[in-house]
Enquirer: 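Here's a structure for you.
Owing to the predicted nature of the structure, the values given are computational and were not obtained by experimental measurement.
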Amino acid sequence: MVTPTPAQLQIRNHEGLALMVVAPAGCGKTEALALRVAGLVERNVASDSRRILVTTFSNRARDNIRDRLRSYLPSSVLRDCVSVTNFHGLSTRIFRAHARVIGLDPEMEQPESDWVREQCLRWGWGWDQIISAEGALRRAKQQGLNDVEVEELLRRRRATGALKLERQRLTENRLTYDDLPRVAELILANDSVASLYRSHFGAVIVDEFQDLTPQQLRIVNRIGLGRTTYAGDLAQGIYGFAGAQPAQIDAAIRSECSTVIEFAESHRSSPAVLSMVNSLNKMTGGLTLTSARPDSWPGGGLAAGVRFNNPSEEGRWAVGFARYILDRAPQQRIGVICRTAPRRETVDAIADQSGLPVYRWDDGVLDTETAKIMKAMLVRLNAVEALASADPLLYLRESAALGAVADTDTRRFMADALLWCLDKLRDGMTPAQIHGRIKVGDQNTLLTAPGLHLLSGHVGKGQQFDWVIVVGAEDGVIPDWRSTTEASKLEDARVLSVMLSRARHGVVVTFAVRIADRYGRVRTKQGTPYFAQLRAASFTDAAGVQAFMQSADWDAIETR
């Protein structure tokens, strides 16, 4: 158990049930929410049949807050008084208990994987067609419509691909991930059901409020309007593609909550890293952060930007930077993060040949049991036969004996891994090459292992590394060339802020000026326009990076 800060104590002791907590990355949000729940239990908000509902957006976040709660509440109290779930888990619970209220079968097949993407691949659709259909379905299903209304909307919008998928879903009598919150909202529109949940949950906690879609906020409001604690940070709202609307959600929560408590003291990052994050605040809406213990960071940390002639030069520099650190501080973690995975491919290839411990976060195998099954399947897999089969995904499922896997979580992980495997086979990789990509057998290892970690900006959200290199920071990547509206460009600024804020000791932003497109034509590029803001921070160049590294106290860095 850690010693709470004054702000965390204020959150724990706040008497009202409606509360907004603005907590940027590294400021102790998870600890504050655990304290908040403990305070509510102490004040008998949860007693007898009334519980506290804690909602998150991922299993990892759910497990993190549950672990922190164990530091403040006895196991029996945690079991009897608190329900911790992600939004899909909550929606599933509501559906299974009350599906018949909206005329549906509670035994409909539940999603264990991304059925929409799998079905598109079964039909041999191209990526443009897949992305268009997925987007049309998601937008339609976030409007609180029933099945008939969804189909009518897709027909009016002439979304033929999405309409074909929806009709196939109905034929198979199944729900997708997008259907779960949709049917939960339809069920909670019934006042009797909503009243039941309002009576059962004395208070609600929402983690990462900036990632809420309007639909998810409507679900929360039906259960806990005026009794909800929202925690998050507008500057970390990077899921607009999934329907999140950070600015709209922020305004709605401020209207609901008369009390707002802000965290502005970072316990994660050095002053130099924070100066980079703060430089983007006018675009991200973030708070100005200060370091909790600025003198404790050797050299004050590092913040830099470096220009390269091409991605190969950039990749060699990034891997050399990681090697220099690991030679002097072997337990350090270096994250190489890019806005998009394809732009990172050159760095990945150089890293693979480096001999350093390398971890790919966007590979599809992240747990021990899945890794074991996948490796065994790939050893005997005939890729030509698999791709030539009538249903390649079914072929892989049968090859991996997915039907014999009893554990629910392992089945879900396996389904996702097989979809990833099919993507790689269609990209031309051999089973042996895919086998070689499965280097991580334990998800906890991925989160804690020293070495070089390769990931995209969205995948890294919620994680931290000792050092971060943001590669591929060209105009057209950050912001993305498809970001044509002011809102989308501001979201890309938030993506950059999230990538920067993963770093503890230091962060370097790099870009290349000559890049070959997919046809081999070399294009001249400029650095991201956000460099104008970054240069106002404690910002140095390649020579400054070299001077910092050579003069650094590596013993102090390793122990900080």
Enquirer: Testing the basics here: between Gly237 and Arg494, what is the closest heavy-atom pair and its distance to 0.1 Å?
Expert: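 Nearest pair, atom of Gly237 first, then Arg494: O-NE, 2.6 Å.
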
Enquirer: Okay, side chain of Ser483, backbone of Pro479: is any donor-acceptor separation there less than 3.5 Å?
Expert: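 Not a single qualifying donor-acceptor pair exists.
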
Enquirer: Can you tell me how far the OH atom of Tyr324 sits from the CE atom of Met549, to the nearest 0.5 Å?
Expert: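 Atom-to-atom, Tyr324:OH and Met549:CE are 6.5 Å apart.
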
Enquirer: Please check this pair: side chain of Asp475 against backbone of Gly527, looking for a donor-acceptor N/O pair closer than 3.5 Å.
Expert: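 Checked: no pair found.
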
Enquirer: Can you find a heavy atom in the side chain of Ser291 that is under 4.5 Å from one in the side chain of Ser266?
Expert: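 They are not in contact (no side-chain heavy atoms under 4.5 Å apart), so the answer is no.
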
Enquirer: With rounding to the nearest 0.5 Å, note down the distance linking CG in Leu425 to CD1 in Ile434.
Expert: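 Here the interatomic distance stands at 4.0 Å.
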
Enquirer: Is a side-chain N or O of Ser497 found less than 3.5 angstrom from the main chain of Ala493, in a donor-acceptor match?
Expert: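 No; zero donor-acceptor contacts below 3.5 Å.
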
Enquirer: Taking all non-hydrogen atoms of both residues into account, name the closest pair between Ala244 and Gln210 and its distance.
Expert: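 Ala244 and Gln210 have their closest heavy atoms at CB-O, 4.0 Å.
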
Enquirer: Kindly give the heavy-atom pair with the smallest separation between Leu378 and Pro431, and that separation in Å.
Expert: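 Taking every non-hydrogen atom into account, O-CB, 3.6 Å.
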
Enquirer: Are any non-hydrogen side-chain atoms of Val471 and Glu314 less than 4.5 angstrom apart?
Expert: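 A side-chain contact exists here, since the closest heavy-atom pair is under 4.5 Å.
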
Enquirer: Is there side-chain contact between Trp297 and Arg504, with heavy atoms separated by less than 4.5 Å?
Expert: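 Trp297 vs Arg504: side chains touch.
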
Enquirer: Between the side chain of Glu474 and the main-chain N/O of Ala512, is any donor-acceptor distance below 3.5 Å?
Expert: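 Indeed, once roles are kept as given, a pair shorter than 3.5 Å links the two residues.
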
Enquirer: Does Arg333 make a cation-pi contact with Trp467 (under 6.0 Å, within 45 degrees of the axis)?
Expert: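 Because its charged atom misses either the 6.0 Å distance or the 45° angle limit, Arg333 does not stack over Trp467.
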
Enquirer: Using every non-hydrogen atom in the two residues, find where Phe531 and Gly305 come nearest and quote the distance to one decimal.
Expert: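 So the minimum-distance heavy-atom pair works out to CE2-CA, 4.3 Å.
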
Enquirer: For Val358, is there any backbone N or O sitting under 3.5 Å from a side-chain donor or acceptor partner on His453?
Expert: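 Side chain of His453 to backbone of Val358: no pair is present.
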
Enquirer: Cationic tip of Arg70 within the cone over Tyr72's six-membered ring, i.e. under 6.0 Å and within 45° of the normal?
Expert: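 Ring-cation test returns no.
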
Enquirer: Ignoring hydrogens, what is the shortest heavy-atom contact between Asp233 and Ala25? Give both atom names and the distance.
Expert: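 Result for this residue pair: OD2-N, 4.3 Å.
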
Enquirer: Would you say that Asp211 contacts Lys461 through its side chain, given a criterion of any heavy-atom pair below 4.5 Å between the two side chains?
Expert: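 Yes, their side chains come closer than 4.5 Å.
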
Enquirer: Do the side chain of Arg323 and the main chain of Ser354 share a donor and acceptor less than 3.5 angstrom apart?
Expert: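 Yes; at least one donor-acceptor contact below 3.5 Å.
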
Enquirer: So, applying side-chain contact (heavy atoms from CB on, under 4.5 Å) with Val116, which one of Leu121, Thr176, Asp178 is it?
Expert: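 With Val116 as partner, Leu121, Thr176, Asp178 yield a single side-chain contact (heavy atoms from CB on, under 4.5 Å), made by Thr176.
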
Enquirer: So do the side chains of Pro450 and Gln332 get within less than 4.5 Å of each other, counting heavy atoms only?
Expert: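 In short, these two side chains do not touch, never coming nearer than 4.5 Å.
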
Enquirer: Is there a side-chain contact between Met276 and Val509, using heavy atoms and a 4.5 Å cut-off?
Expert: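 Heavy-atom side-chain distance check passes, below 4.5 Å.
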
Enquirer: Does the separation of the ring centres of Phe308 and Phe511 fall below 6.0 angstrom?
Expert: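 No, too far apart.
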
Enquirer: Check whether any side-chain N or O of Asn86 sits under 3.5 Å from a backbone N or O of Thr56 as a donor-acceptor pair, and report yes or no.
Expert: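 No, the answer is negative, given that no donor and acceptor are paired below the 3.5 Å cut-off.
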
Enquirer: Check whether any side-chain heavy atom of Glu558 lies under 4.5 Å from a side-chain heavy atom of Arg328, and answer yes or no.
Expert: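 They are not in contact (no side-chain heavy atoms under 4.5 Å apart), so the answer is no.
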
Enquirer: Could you check Arg360, Arg437, Arg343 and say which one makes a salt bridge (Lys or Arg N to Asp or Glu O under 4.0 Å) with Asp348?
Expert: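 Single pass found, and it is Arg360.
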
Enquirer: How long is the span from the CD atom in Gln533 to the OG1 atom in Thr528, to the nearest 0.5 Å?
Expert: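 Reported to 0.5 Å precision, the distance equals 8.5 Å.
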
Enquirer: For salt bridge (charged side-chain N to carboxylate O under 4.0 Å, His left out), just list the numbers for Arg339 and Asp492, CA-CA rounded to whole Å, side-chain angles, deciding distance to a tenth of an Å, and then say yes or no.
Expert: CA-CA 9 Å; Arg339 174 69 175 82; Asp492 275 350; 2.8 Å; yes

Enquirer: Identify the two heavy atoms, one from Phe465 and one from Ile334, that lie closest to each other, and give their separation to 0.1 Å.
Expert: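 Scanning both residues completely, I find the closest heavy atoms to be CD2-C, 4.3 Å.
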
Enquirer: Are the side chains of Thr340 and Arg344 in contact, using a 4.5 Å heavy-atom criterion?
Expert: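 Arg344 vs Thr340: side chains apart.
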
Enquirer: Would a distance-only check, ignoring hydrogens and angles, find a side-chain to backbone donor-acceptor pair under 3.5 Å from Gln8 to Gly28?
Expert: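 At least one qualifying donor-acceptor pair exists.
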
Enquirer: Could you verify whether a donor N or O on one side chain and an acceptor N or O on the other, from Gln464 and Arg268, lie under 3.5 Å apart?
Expert: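 Yes - a donor-acceptor pair under 3.5 Å links their side chains.
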
